[in-house]
Peer 1: 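Would you mind keeping the following structure in view while I ask a few things?
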Amino acid sequence: MAGSIKELSKEEYLLKGHGACAGCSLAISLRLLFKALGNKIVMVVPACCTSVIPGPYPYTSLAVPVQNMLFEATGATASGVVAAFHRRGIKDVTVVGWAGDGGTVDIGIQALSGAAERGTDFIYICYDNEAYGNTGMQRSGATPYGAWTTTTPTGKKERKKDTPFIMAAHRIPYIATACSSYPIDFINKLRKAKEIEGTKYIHILAPCPTGWRYDTSKTVEIGRLAVQTGMWVLFEIENGKFKFNPPSNRLIDKAKRRPVKEYLTLQGRFRNLTEDDIERIQKWVDEDWERYCKLASNQYV
Amino acid sequence: MSIAPKTCKEMPVTTLSIPTVGSMGKTGSWRTFRPVVDYSKCTRCTLCWIYCPDGAITRQEDDSPKIDYDYCKGCGICSNECPVKAITMEREGE
Amino acid sequence: MAQTVIDTANHIAAYAAKAARAQVVAAYPITPQTSIVERIAELVESGEMDAEYIRVESEHSAMSACIGAAAGGVRTFTATSSHGLVLMHEALHWASGSRLPITMSVVNRALGPGWNIWADFTDSMSQRDTGWIQFYCADNQEVFDTIIQAYKLCENERVLLPAMVCLEAFTLSHTYMPVKIPDQEKIDEFLPPYKPKWFLDVNNPFSHANLVSPEWYMEFRYMMQEAMENAKQLIPEIGKECGKYFGFEHGGLIDKYKCEDADLILLTMGTIGREAKIAVDNLRKEGFKVGTARVRVFRPFPKEEIRKLAENTQMFAIIDRGISFGMEGFLAEEIKASLYNHEDRPLIAGFVAGLGGRDVTFKTIEKIARKSSEWMQAGKVEKETLWVDLRE
């Protein structure tokens with residue numbers, strides 16, 4: 001496991017000159033993925049920002065084998081790759097499903113659920129920018145309450161799906177949340193996942209300056225605020241045991257969490273929120289934390 | 001960019017793409033502000049390197065950053081995250 | 001020694017997948033295909049078949065898993081029917097565009113609503129533009145042989161396209177017939193292990209199916225069209241080779257019967273082709289100069305052979321077990337299109353028959369032939385498409 005950034009490899013497998021927007025956190029997460037797992041991985045990538053960022057034929061900026069695939073089919077396709085490698089006796093290659101929130105929590109949830117139920121030996125990573133970013137920011141099942149998107153011009157009326165817990169219901173051996181603002185946490189989770197047999201699910205919050213309407217320089221800061229306000233919680237569920245990870249483990253006391261308002265008001269997508277809305281969101285966050293704390297103390301989901 | 005085929009006969013049967021630096025061109029041209037490092041302030045913490053979405057910052061032998069302006073899109077994350085404010089954003093062309 | 005088994009076409013399809021040494025099977029149940037994948041499950045679990053079996057949660061996932069497995073470098077098999085095939089539609093395009101030689105048996109069944117589980121070609125025929133090679137079988141032996149041949153064809157460097165081996169619901173799928181299964185050694189000799197043209201390889205990393213701009217897209221499509229044309233050449237050759245090895249030939253692109261001197265040719269597909277042979281024999285006894293041609297391969301469509309067939313005959317009667325709404329039967333459409341630039345075109349009448357599993361027996365076909373013969377003598381087709389036995 002990595003203790004500090006300086007221990008990480010200087011090798012890059014997301015090559016310079018890719019097409020991600022300036023300040024894209026997904027691009028940071030991709031670099032971290034490769035820092036964690038190296039290049040002995042095969043990626044299955046459905047329609048999402050990552051199917052565009054690497055650029056067009058005959059070039060790509062991803063220096064590992066990638067199977068681009070249909071929007072809803074990541075879990076199934078990865079199952080096929082895993083089966084083929086098993087047949088061929090290839091044991092030292094990790095299969096990674098890498099999908100956005102739309103491709104995970106909406107259109108791809110069936111194939112993901114099927115793959116998890118079958119215990120497919122792969123790591124599935126959902127990078128969640130809380131909307132369909134590639135098509136220009138439409139609402140997804142992962143868009144939070146109140147957020148502007150192009151299909152919720154006055155703000156979303158419903159709450160975000162709790163996908164890590166949907167995955168927990170599959171009783172897979174490893175589930176974790178992460179955010180590119182906490183690179184060592186993410187890398188260690190990936191390395192841990194690699195050593196576990198079966199389906200591993202990691203859900204990353206992926207701040208998106210283009211869609212969330214904040215300055216490109218604030219990507220890491222926004223991710224940090226998401227965690228510090230408790231809107232995004234870093235945890236892992238290993239064989240059913242729930243555990244907070246730093247720094248979320250230091251935020252169990254409500255007083256230590258910054259008000260959600262600090263996170264919300266930095267982003268243009270929450271411009272339409274009223275004071276009542278903000279209060280409602282704060283209440284929901286506090287309730288979620290009560291639930292998580294109960295899970296952490298009972299240790300079982 | 002010399003690997004591009006010219007006709008069907010030189011093409012693979014399906015869209016197989018080769019890892020290449022600059023698949024989307026010299027993305028440094030997207031930039032309006034350029035990060036400038038004050039090496040006298042830099043503490044070699046490497047935070048700017050790990051947080052750069054574009055891999056446009058190289059970690060040098062002494063762990064100080066070297067910015068590749070051909071590909072830096074000028075997002076400013078490095079400047080925002082630098083704990084000692086050693087990186088400033090300067091408008092291009094000034 | 002080759003052995004003769006008496007079994008249903010579905011079970012025979014399962015034995016063919018085993019004989020072809022399919023390495024990964026991904027499948028989902030649907031009536032009346034289910035007994036194919038059930039039998040494969042039994043074969044895999046008993047250890048008789050050495051394959052990975054992925055029990056997916058939908059047909060879309062079945063095809064996606066086959067794509068993943070084929071991209072991982074192994075020989076794959078799946079089977080489906082009707083709504084399952086239609087659900088796969090998107091992935092069918094992805095498989096062919098990826099140039100992965102996946103083989104799938106399709107049990108032709110009607111589409112709803114309402115629920116109808118009986119024979120109809122509309123399911124696979126409405127997939128004709130997906131870039132898949134399509135074979136249509138008339139008996140259980142042909143199902144076995146065609147699956148083996150499909151792998152040989154699809155894995156050929158000049159083809160590299162996926163194939164459907166189609167068989168009709170119940171008329172074949174659940175009907176017992178004797179089938180000769182050759183020795184495995186012979187099959188292995190005919191069909192050597194799969195050597196993928198490309199696969200996901202960490203030692204040679206590339207991205208498959210990323211963005212492709214207008215600058216390149218057309219060329220990739222052109223290459224698929226070329227591959228289809230190559231398949232058209234190879235299918236009769238492989239059919240002959242298979243015949244030499246295993247004893248059966250099924251007619252290449254078109255299985256022709258008593259067409260040489262026929263004034264009227266009945267064009268059919270699938271099991272209707274078998275009934276048509278009986279009808280032809282009966283009508284010949286009455287003095288009708290009639291023959292029948294069963295189109296075995298719908299994609300690539302045997303345009304040239306259709307033109308040859310048209311040269312010495314006065315009339316085509318085309319029987320379609322499917323309908324392209326707003327136009328006509330699929331086969332009739334394709335045959336007419338094939339003949340447009342042909343001088344001396346025969347008269348053509350289209351007959352839609354047997355939808356949703358309605359019986360098409362030799363008697364039905366004799367009726368069609370007599371009606372066609374009337375029109376032929378009058379020199380005029382009264383109705384371009386006639387729905388047979390319709391309660392009008």
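Note on naming: letters A, B, ... go to the chains in the order of the sequence lines (proteins, then strands), and numbering restarts at 1 for each one.
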Peer 1: With heavy-atom distances below 4.5 Å as the criterion, would you say the side chains of N68(A) and S207(C) are in contact?
Peer 2: yes
Peer 1: Go through the atoms of V56(C) and report whether side chain, backbone, both or neither lie under 4.5 Å from a heavy atom of chain A.
Peer 2: both
Peer 1: Mind checking whether I54(C) and R118(A) have side chains closer than 4.5 Å, heavy atoms only?
Peer 2: yes
Peer 1: Do V64(A) and V202(C) have side chains that approach each other closer than 4.5 Å (heavy atoms only, starting at C-beta)?
Peer 2: no
Peer 1: Side-chain contact, heavy-atom cut-off 4.5 Å: E90(C) with E72(A)?
Peer 2: yes
Peer 1: With a 4.5 angstrom heavy-atom cut-off, is it the side chain or the backbone of Y217(C) that approaches chain A, or both, or neither?
Peer 2: neither
Peer 1: Which answer fits D50(C), side chain, backbone, both or neither, if we ask what part of it has an atom under 4.5 Å from a heavy atom of chain A?
Peer 2: both
Peer 1: Which bit of S51(A) comes within less than 4.5 Å of chain C, counting heavy atoms only: side chain, backbone, both or neither?
Peer 2: backbone
Peer 1: Which atom pair, heavy atoms only, marks the closest approach of A91(C) to L70(A)?
Peer 2: CA-CD1, 3.5 Å
Peer 1: Side chain, backbone, both or neither: which part of N210(C) has an atom under 4.5 Å from a heavy atom of chain A?
Peer 2: both
Peer 1: Is Q110(A) close to E57(C) at the side-chain level, that is, under 4.5 Å between some pair of heavy atoms?
Peer 2: yes
Peer 1: When you measure from the side chain of R88(A) to the backbone of G72(C), do you find a donor-acceptor pair of N or O atoms at a distance under 3.5 Å?
Peer 2: yes
Peer 1: With a 4.5 Å limit on heavy-atom distance, are the side chains of P56(A) and W216(C) in contact?
Peer 2: no
